[in-house]
Chemist: 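Before anything else, here's the structure in question.
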Amino acid sequence: MMKQEEQSHDEQDMESLLLDDPSSTTTNLHLQPPQPVTFPDSHPLQSPKSPSFNSFLDPPSYADAIFTSFDTTTSATTTSSSNFPNPHSPDSSSLQPGSESDYLLISVSDPHKEQELATSLVPGGNTYYTYLITTRTNLPEFGGPGSEFTVRRRFRDVVTLSDRLSETYRGYFIPVRPDKSTVESQVMQKNEFVEQRRVALEKYLRKLGMHPVIRKSEELRLFLEVRGKLPLVKSTDVASRMLDGAVKLPRQLFGGEAVAVVGGAELSEVAQPAKGGRDLLRIFKELKQSVANDWGGTKPLVMEEDKEFMERKERLVEFEQQLSAVSQQAESLVKSQQDMGETMGELGLAFVKLTKFETEEAIFEAQRVRASDMRNVATAAVKASRLYRELNTQTIKHLDKLHEYLGTMLAVNNAFTDRSSALLTVQTLSSELVSLNSRIEKLEVASSKIFGGDKSRMRKIEDLKEAHRVTENAKTCADREYERIKENNRSELERIDKERHDDFFSMLRGFVVNQAGYAEKMAAVWEKLAEETATYSRQ
């Protein structure tokens, strides 16, 4: 208890070093709070344009630039209770890049604990949290200008949305949803876990809102707009697929009764990736085709022929490796700056204690002068500690873009997996067509050798021809799906190339300006201390 009281007094003394410092009126160590912003009536989200970063390309002082240009836009409109981002902020992930007129702003707030009434036999046995999702937009898909609505969703609804988007928009770089994190929910404090999930959900939904295709999707509109039960059909569970598979296995890749595949709906299923037990036979066939592709002596009938895509894919693999290395070094830098700030603070605290001792025990004037000098050193160390901590906050803000792009690379890899899966389906169907043709030819030859033909063989030939017709139709669907995914990959690669250039340019600018600005401020602190202790050099 005594140690805690002593530490509290020391910290108060550290604060007084800054409050009593006459220079503190001219050198403010903290970022100025944002001024109130008023929105014009013409647009509910437009704020007065603050000085752009371009106006500080040749600044009189980097230290001025950091406090007046780069950071003011990030917090100008976040003071409202709705927690909506500033539409002009470079960090706003709810707006389409380069768009000043269209906006889709999403916030997640107010976690609320609820009871699972349907499955809970014991009161309080099964509980979950719902989150209030608020949307403001002027997109015509959501009702046009001035649209604002709220819904409550649980994490399970987010999983359903993610699954539906992955099925419908194959080949697109769809942001990866947050993990369920069952282990973390048991280890972390409940409030901390709920808040962490709220932040992750908000970030995920804003990324969806930023995607030029997903933001206009019917799935996202229903998720954000329709209250009550989420009107999106969930994927069939594995148990249902296994039971269903006993009847529908022949429908998947012509595994017997090919006539069971009728209509466009069943054929279109072949274009989708195989799912669990219902598609068991198809999984086996595609696995066999995959092994043949890798280890077989003959090349598959259909191959990836887009050399440009393969080159870009290899470059992205290299980029991901380099990005991971840079991200790890960024974490090391943040840790080092944090340690430096804490060490400076501890140094200041130690000098505070030494100053108190010298002052209390002083007998001669020289001791009082020395105590005054140590007070100045303590003040400088405390200022430097605060500057390091502020610098670290800004460093995290800008270099966090590296971690975001690691998440983007997961989405890229998922889209490339869609492409590989679609190609494998086409290859499997092509091989099956060759096999069917071969079986039909052999049966026809065998049947022709029997006078009057063999009725059982003739029936088998007709069945195989029907299977061939259905398989050909299925391959046509699979070809279309493969081409669609290829086109989606192409457009997404073009989009991410442009966004990566803009994002990294903004990130590096912010990082460099912050480093230079805070270095200048720290230098000013120590230069002032050097002037105050110049008498030592003269003596």
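Heads up: numbering here begins at 1 and tracks the sequence.
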Chemist: One pair to check against side chain to side chain contact (heavy atoms under 4.5 Å, CB included): L402 and F504. What are the steps and the verdict?
Modeler: CA-CA 9 Å; L402 298 170; F504 275 57; 4.2 Å; yes
Chemist: Output yes when E331 and K335 qualify as a salt bridge under the 4.0 Å nitrogen-oxygen rule, no when they do not.
Modeler: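 Salt bridge between E331 and K335, a charged N being under 4.0 Å from a carboxylate O: no.
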Chemist: Under the criterion side-chain hydrogen bond (donor to acceptor under 3.5 Å, both in side chains), I'd like the reasoning laid out for Y103 against N138: C-alpha separation, chi angles, the key distance, then a yes or no.
Modeler: CA-CA 6 Å; Y103 61 90; N138 66 350; 4.9 Å; no
Chemist: Out of L208, L165, D163, I214, which residue meets the side-chain contact (heavy atoms from CB on, under 4.5 Å) rule with E219?
Modeler: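 Single side-chain contact (heavy atoms from CB on, under 4.5 Å) partner of E219 among L208, L165, D163, I214: L165.
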Chemist: Within this structure, what is the CE-CG distance for the pair M210 and L205, rounded to the nearest 0.5 Å?
Modeler: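 Taking CE in M210 and CG in L205, the distance rounds to 14.5 Å.
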Chemist: Once rounded to the nearest 0.5 Å, what's the spacing between atom CG of N489 and atom CG of D306?
Modeler: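 Here the interatomic distance stands at 9.5 Å.
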Chemist: What's the separation between atom CD in E114 and atom CZ in R154, rounded to the nearest 0.5 Å?
Modeler: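 So the CD of E114 and the CZ of R154 are separated by 8.5 Å.
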Chemist: If we ignore hydrogens and angles and just use 3.5 Å, is the side chain of S162 paired with the main-chain N or O of V158 as donor and acceptor?
Modeler: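 Checked: no pair found.
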Chemist: For atom CE of M340, decide whether the heavy atoms of other residues, nucleotides or ligands shown that lie under 6.0 angstrom number more than 12.
Modeler: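 Counting neighbours around CE of M340, 12 or fewer heavy atoms of other residues, nucleotides or ligands fall under 6.0 Å, so no.
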Chemist: Does the side chain of T408 reach to within under 4.5 Å of the side chain of K207, using non-hydrogen atoms?
Modeler: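 No - every pair of side-chain heavy atoms lies 4.5 Å or more apart.
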Chemist: Can a salt bridge be assigned to the pair K486 and E483 using a cut-off of 4.0 Å between side-chain N and carboxylate O?
Modeler: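 Result for this pair is yes, salt bridge flagged.
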Chemist: Give the minimum heavy-atom separation between L230 and L222, together with the two atoms involved.
Modeler: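 Closest heavy-atom pair between L230 and L222: CD1-O, 4.4 Å.
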Chemist: Could R312 and D497 be called an ion pair, given the rule that one side-chain N must be under 4.0 Å from one carboxylate O?
Modeler: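 Yes, this pair counts.
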Chemist: F155 vs R177, test: side chain to side chain contact (heavy atoms under 4.5 Å, CB included). Steps then yes/no.
Modeler: CA-CA 10 Å; F155 187 78; R177 68 166 173 82; 3.9 Å; yes
Chemist: Where do E195 and R198 land on the salt bridge (Lys or Arg N to Asp or Glu O under 4.0 Å) test, with the steps shown first?
Modeler: CA-CA 5 Å; E195 174 60 16; R198 183 200 68 77; 2.9 Å; yes
Chemist: On the six-membered ring of Y405, is R500 placed so that its NZ or CZ lies under 6.0 angstrom from the centre and within 45° of the ring axis?
Modeler: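 Judged by the rule, R500 and Y405 form no cation-pi pair.
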Chemist: List the atom of Y169, the atom of S217, and the distance in Å for their closest heavy-atom pair.
Modeler: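 Closest approach of Y169 to S217, heavy atoms only: OH-CB, 3.1 Å.
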Chemist: With a 3.5 Å distance limit and no angle check, can you tell me whether T127 reaches the backbone of Q115 through a side-chain donor-acceptor pair?
Modeler: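 It does not hold such a pair.
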Chemist: Would you please classify the geometry between the F142 ring and the F149 ring as parallel, tilted or perpendicular, with 30° and 60° separating the classes?
Modeler: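 Correct class here is parallel.
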Chemist: Side chains of L399 and M507, heavy atoms from C-beta outward: is any pair under 4.5 Å?
Modeler: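 A side-chain contact exists here, since the closest heavy-atom pair is under 4.5 Å.
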Chemist: Below 4.0 angstrom, N of the basic side chain to O of the carboxylate: do R490 and E494 qualify?
Modeler: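 A salt bridge is present here (some side-chain N lies under 4.0 Å from a carboxylate O).
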Chemist: Between OG of S166 and CG of L161, what distance do you get to the nearest 0.5 Å?
Modeler: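 Atom-to-atom, S166:OG and L161:CG are 9.0 Å apart.
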Chemist: With distance as the sole test, does T355 use its side chain to make a donor-acceptor pair with the main-chain N or O of F351 at under 3.5 Å?
Modeler: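 At least one qualifying donor-acceptor pair exists.
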Chemist: Just how far is it from atom CZ of R197 to atom CG of D179, taken to the nearest 0.5 Å?
Modeler: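 Interatomic distance, R197 CZ to D179 CG, rounded to 0.5 Å: 9.5 Å.
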Chemist: Would you call R170 and N488 a side-chain contact if the rule is heavy atoms closer than 4.5 Å?
Modeler: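 A side-chain contact under 4.5 Å is absent here.
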Chemist: Is atom NE2 of H403 surrounded by more than 12 heavy atoms (other residues, nucleotides or ligands) closer than 6.0 Å?
Modeler: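 Yes, the 6.0 Å shell around NE2 holds more than 12 heavy atoms from other groups.
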Chemist: Output, in order, the C-alpha distance, side-chain angles, deciding distance and verdict of side-chain hydrogen bond (donor to acceptor under 3.5 Å, both in side chains) for Q337 and Q515.
Modeler: CA-CA 11 Å; Q337 289 180 165; Q515 292 290 330; 3.1 Å; yes
Chemist: So R495 and E492, do their side chains get closer than 4.5 Å, heavy atoms only?
Modeler: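 The answer is yes, as the side chains (C-beta and beyond) meet within the 4.5 Å cut-off.
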Chemist: Looking only at heavy atoms, which two atoms of G348 and V382 are closest? And how far apart?
Modeler: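 That would be CA-CG2, 4.2 Å.
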Chemist: Salt bridge check, K528 against E532: does any charged N sit closer than 4.0 Å to a carboxylate O?
Modeler: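 Yes.
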Chemist: Find the distance between CZ (F223) and CZ (R164) and round it off to the nearest 0.5 Å.
Modeler: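 With rounding to 0.5 Å, CZ (F223) is 13.5 Å from CZ (R164).
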Chemist: Apply side chain to side chain contact (heavy atoms under 4.5 Å, CB included) to N413 and E320, showing your working.
Modeler: CA-CA 10 Å; N413 292 331; E320 183 176 11; 3.5 Å; yes
Chemist: Heavy atoms, side chains only, cut-off 4.5 Å: are E202 and I106 in contact?
Modeler: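 SC-SC contact between E202 and I106 ruled out.
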Chemist: Within the 4.5 Å heavy-atom criterion, are K397 and N514 side-chain neighbours or not?
Modeler: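 No, side chains not in contact.
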Chemist: Using a strict cut-off of less than 4.0 Å between a Lys/Arg side-chain nitrogen and an Asp/Glu carboxylate oxygen, indicate whether E218 and R221 qualify as a salt bridge.
Modeler: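 Yes, charged N to carboxylate O under 4.0 Å.
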Chemist: Could you go step by step and tell me if R206 and S107 meet the side-chain hydrogen bond (donor to acceptor under 3.5 Å, both in side chains) rule?
Modeler: CA-CA 8 Å; R206 287 180 176 179; S107 71; 5.6 Å; no
Chemist: List the atom of R227, the atom of T150, and the distance in Å for their closest heavy-atom pair.
Modeler: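 Taking every non-hydrogen atom into account, NE-O, 3.0 Å.
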Chemist: Compare every heavy atom of I485 with every heavy atom of G171, then report the nearest pair and how far apart it is.
Modeler: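 Minimum heavy-atom separation between G171 and I485: CA-CG2, 3.8 Å.
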Chemist: Minimum heavy-atom separation for S420 and K313, please, with both atom names.
Modeler: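 Residues S420 and K313, closest heavy atoms: OG-NZ, 4.3 Å.
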Chemist: Just say parallel, tilted or perpendicular for the rings of Y129 and Y131, cut-offs at 30° and 60°.
Modeler: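 Answer is tilted, since the angle falls between 30° and 60°.
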Chemist: Using side-chain heavy atoms (C-beta onward) and a distance below 4.5 Å, is F173 in contact with L493?
Modeler: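 In short, these two side chains touch, coming nearer than 4.5 Å.
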Chemist: Any heavy-atom pair between the side chains of L104 and T135 that's under 4.5 Å?
Modeler: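 They are in side-chain contact.
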Chemist: Could you go through the side chain to side chain contact (heavy atoms under 4.5 Å, CB included) check for K203 and E404 one step at a time?
Modeler: CA-CA 10 Å; K203 195 171 185 179; E404 288 185 19; 4.0 Å; yes
Chemist: Does R419 count as lying over the ring of F309, i.e. NZ or CZ under 6.0 Å from the six-ring centre, within 45 degrees of the axis?
Modeler: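 Ring-cation test returns yes.
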